[in-house]
Number of protein chains: 2
Amino acid sequence: MRPTIRDVAQNAGVSIKTVSRVLNDEPYVREDTRAKVLAAINELGFVANLSAKRLAKGQAFTIGLLFHNASWHYILDAQRGVLDTTRAHGYSTLMHPCDVARSLDAREILAQASQRLVDGFVFTPPADNATQLLENLEAMGVPFVRMTPWEREREWPYVAATDRAGAREMTEYLLQLGHTRIGYVRGPADQKAGADRHDGYRDALATAGLRYDPDLVRQGDDQFEAGREAACSLLGMREPPTVIFCNNDEMAAGACVAVREAGLLLPEDVSVAGFDDIPLARQVWPALTTVCQPIYDLAAAATQMLIELLNGQTPPALSIEIPTHLIVRASTAPPHHN
Amino acid sequence: MRPTIRDVAQNAGVSIKTVSRVLNDEPYVREDTRAKVLAAINELGFVANLSAKRLAKGQAFTIGLLFHNASWHYILDAQRGVLDTTRAHGYSTLMHPCDVARSLDAREILAQASQRLVDGFVFTPPADNATQLLENLEAMGVPFVRMTPWEREREWPYVAATDRAGAREMTEYLLQLGHTRIGYVRGPADQKAGADRHDGYRDALATAGLRYDPDLVRQGDDQFEAGREAACSLLGMREPPTVIFCNNDEMAAGACVAVREAGLLLPEDVSVAGFDDIPLARQVWPALTTVCQPIYDLAAAATQMLIELLNGQTPPALSIEIPTHLIVRASTAPPHHN
DNA sequence: TTGTAAGCGTTATCAG
DNA sequence: CTGATAACGCTTACAA
């Protein structure tokens, strides 16, 4: 039989409440008493039973991480950020891949909260799109924080990257290389991050005194294939762009393939730039110039905020922005003049 | 206040034990009694509290998934396989990225078991290498199952792919294309799966009556860079191979880059083949010919086995092999003769 | 500073 | 088939 708090109390010659106090670092325990208890704990190899604590406290000390269709890299970095943070606070994390649009999945999520399996949630896009679900959680008093949310109209807490500034910086860099016809493959229409990046692209053009040309813009769903098709279309123009800047790295990887398939040299004939800096960015050839979005930090910040919320504390801010930065690699070069 | 089993009992006019019986689908409940209880549950919107159940049963209904340094793709597919299976059985999954070689992490894993946070573990390579840890778990009576384990000397349960047959099949395919100088980039020396694949390669050569030439073999750590370097070395030989078969897709992707850097055409001058069929295999250009290792199924099978073990059942087998299959894409072609 | 006793919401025992 | 009543192992008023 595993030793319980009662065994420790007996062994140390104190009451169970005193042991509990020591376990929880509560004040009002004399030093020598504490020492005695610790000694007993050690001697017996006592480890507190989490289930009992959860029941008594009415808390799960667990948060749920919801994701769906997120790119592998995104979700793994997010997982690490969440896990490291929860662990540091004595919390556990429940991973929950799901399609929140399916009422079945949404029901399961609400059930997790009801069952006291989790105390709160971190949402990753596009799961945060399930407005109905978020409203239900809010009504139930279950806290949540959104990571790089798909939309940001509602006043719900979130953590995001400086997408607009990041895209502006990239575009400025491309302009500086001498490009004037910069193709752009934007992301899904209703995705806030994508809209912001697109705005950043426009900002830079405007600042440089260049006209925003809708003919140079395509739209994709952030997948590899979409990037390939969009680039293919751009390269087929009478006067194609000299560089293709994509809403994310996966589409940029697709664009790279399209360039090759068009029989063109990369980056001599056409440059390609991405966004996010996922590992794929280094694994294609030539390596992608991109904008780094610190997913780990975003996830850690979101989790930190959630835990503060759970503890009834007021976080310093209910929406946080974390800076991106430009990463120049080999897929971009000055335009080719012939 | 959330309704408890007591509220349901009162509402239905039965005892709490009867409610419990209904909740757990136990026999010996009259149909009309069961109906009354279910009606009350529905009316009150009752959801059982998991923490209480866990405490009372002395079980966590949770398994831990341990991983370290596994490739992103591997771990995410494994996660899905484990999650789907645990969910189907009413279990939860605790993700645990860790370096089991660090005693701190090992201690934490043992603590999770002691705290009754988890009932058992699924190990992914190379985490299963921590023999000491596994011995401790065995001594504590905590069950575990290893997925595609690094080594398989011990009699501990595991689930693996048919690595040897898979590599043999690939090699046979390459031979059939007409290649006779087949370069091979093997994996870490002490990794069983890698050794098996290497054996499969030798099997096919032997069957074809070809000599195994150690000069055509290099070793890598399964990372992109290692594949690049190994391929670079192979291509630098006086009489280089006409195809490079790598222990995994990441190294194969690296090999592709090396081929280009050598100024050679892929696959016209040199073919490249991988193993695993990770998404990267489709995202490089040209897409990789590879061997599919069904990680999701492996993970699901491992979890299934673990849950059976937890329930005191005897699984049909304590080691399972799941078949791989060849996937031909564009990175391989008949050898170029000049 | 410490201890007593009553929960927390289930499951399990055992008698009816 | 059903139901008191006692666990399960910890927290927490409330006393001392």
Side-chain angles (χ1 to χ4, degrees), chain A residues 1-38 40-41 44-62 90 111-117 119 311, chain B residues 1-38 40-41 44-62 90 92 111-117 119 311-312:
Chain A
M1 229 24 226
R2 200 175 295 294
T4 76
I5 199 175
R6 228 175 296 271
D7 300 320
V8 175
Q10 191 162 6
N11 185 298
V14 301
S15 77
I16 60 171
K17 174 58 203 173
T18 299
V19 176
S20 171
R21 274 192 263 263
V22 172
L23 251 29
N24 295 289
D25 279 321
E26 282 173 40
Y28 304 124
V29 180
R30 240 187 7 229
E31 262 322 308
D32 56 326
T33 312
R34 181 184 305 274
K36 262 195 310 192
V37 172
L38 290 174
I41 289 177
L44 272 54
F46 167 82
V47 183
N49 178 317
L50 251 272
S51 298
K53 174 169 185 167
R54 287 173 171 175
L55 175 57
K57 297 276 280 191
Q59 259 189 286
F61 300 102
T62 301
Q112 287 190 341
S114 304
Q115 289 174 123
R116 289 276 137 88
L117 249 175
D119 302 317
N311 294 339
Chain B
M1 228 25 225
R2 200 175 295 294
T4 76
I5 199 174
R6 229 175 295 270
D7 300 320
V8 175
Q10 192 162 7
N11 185 299
V14 300
S15 77
I16 60 171
K17 177 57 201 175
T18 299
V19 177
S20 172
R21 273 192 263 262
V22 171
L23 251 30
N24 295 288
D25 279 320
E26 283 173 38
Y28 304 125
V29 180
R30 239 185 8 227
E31 262 322 308
D32 57 327
T33 312
R34 182 185 304 274
K36 264 195 310 190
V37 172
L38 289 173
I41 287 177
L44 272 55
F46 167 82
V47 183
N49 179 315
L50 253 267
S51 297
K53 174 171 184 165
R54 287 173 171 174
L55 174 57
K57 298 275 282 192
Q59 257 190 286
F61 298 102
T62 302
S92 296
Q112 287 191 340
S114 304
Q115 288 174 125
R116 288 277 136 88
L117 248 176
D119 302 318
N311 293 339

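Labels below follow one simple rule: chain letters A, B, ... track the order of the sequence lines, proteins then strands, and each chain is numbered from 1.
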Query raised in the report: How would you label the contact of B:Ser51 with the nucleic acid (heavy atoms, under 4.0 Å): base, sugar-phosphate, or nothing?
Result: nothing
Requested in this report: Of all the heavy-atom pairs spanning A:Ala111 and B:Val47, show the shortest one and how long it is.
Outcome: O-CG1, 4.4 Å
Query raised in the report: How would you list, by chain and number, every residue that makes a salt bridge (Lys or Arg N to Asp or Glu O under 4.0 Å) with A:Arg30, sequence neighbours excluded?
Result: A:Asp32
Requested in this report: Could you pull out all residues at least two apart from A:Lys17 that satisfy salt bridge (Lys or Arg N to Asp or Glu O under 4.0 Å)?
Outcome: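 Per chain and number, A:Lys17 pairs via salt bridge (Lys or Arg N to Asp or Glu O under 4.0 Å) with A:Glu26.
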Listed partners of [X] passing side-chain hydrogen bond (donor to acceptor under 3.5 Å, both in side chains), at least two apart:
X: B:Asp25; answer: none
X: B:Gln112; answer: B:His96
X: B:Thr62; answer: B:Arg54
X: B:Thr18; answer: B:Ser15

Report task. With sequence neighbours left out, write down each residue that passes side-chain contact (heavy atoms from CB on, under 4.5 Å) with B:Ala56, or none if nothing qualifies. Result ->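 B:Ala56 satisfies side-chain contact (heavy atoms from CB on, under 4.5 Å) with no residue once adjacent residues are dropped.
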Query raised in the report: Among all residues two or more places apart in sequence or in another chain, which pass the side-chain contact (heavy atoms from CB on, under 4.5 Å) test with B:Leu44?
Result: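 Counting only residues at least two positions away or on another chain, B:Leu44 forms a side-chain contact (heavy atoms from CB on, under 4.5 Å) with B:Pro3, B:Asp7, B:Val8, B:Asn11.
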Requested in this report: Report, as a single string ordered 5' to 3', how protein heavy atoms within less than 4.0 Å touch nucleotides 6-14 of chain C: B base, S sugar-phosphate only, - not at all.
Outcome: -BBBBBBB-
Requested in this report: Five pairs at each end of the helix from C:dT1-D:dA16 to C:dG16-D:dC1: take the axis at both ends and give me the angle between them to 10°.
Outcome: 30°
Report task. Return the set of residues passing ring-ring contact (aromatic ring centres under 6.0 Å, His included) with A:Phe46 (not counting sequence neighbours), or none when no residue passes. Result -> none
**Report entry** chain B footprint on DNA chain D, 5' to 3' - any atom under 4.0 Å from a heavy atom
**Finding:**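 Nucleotide range in contact with chain B: D:dC1 to D:dG9.
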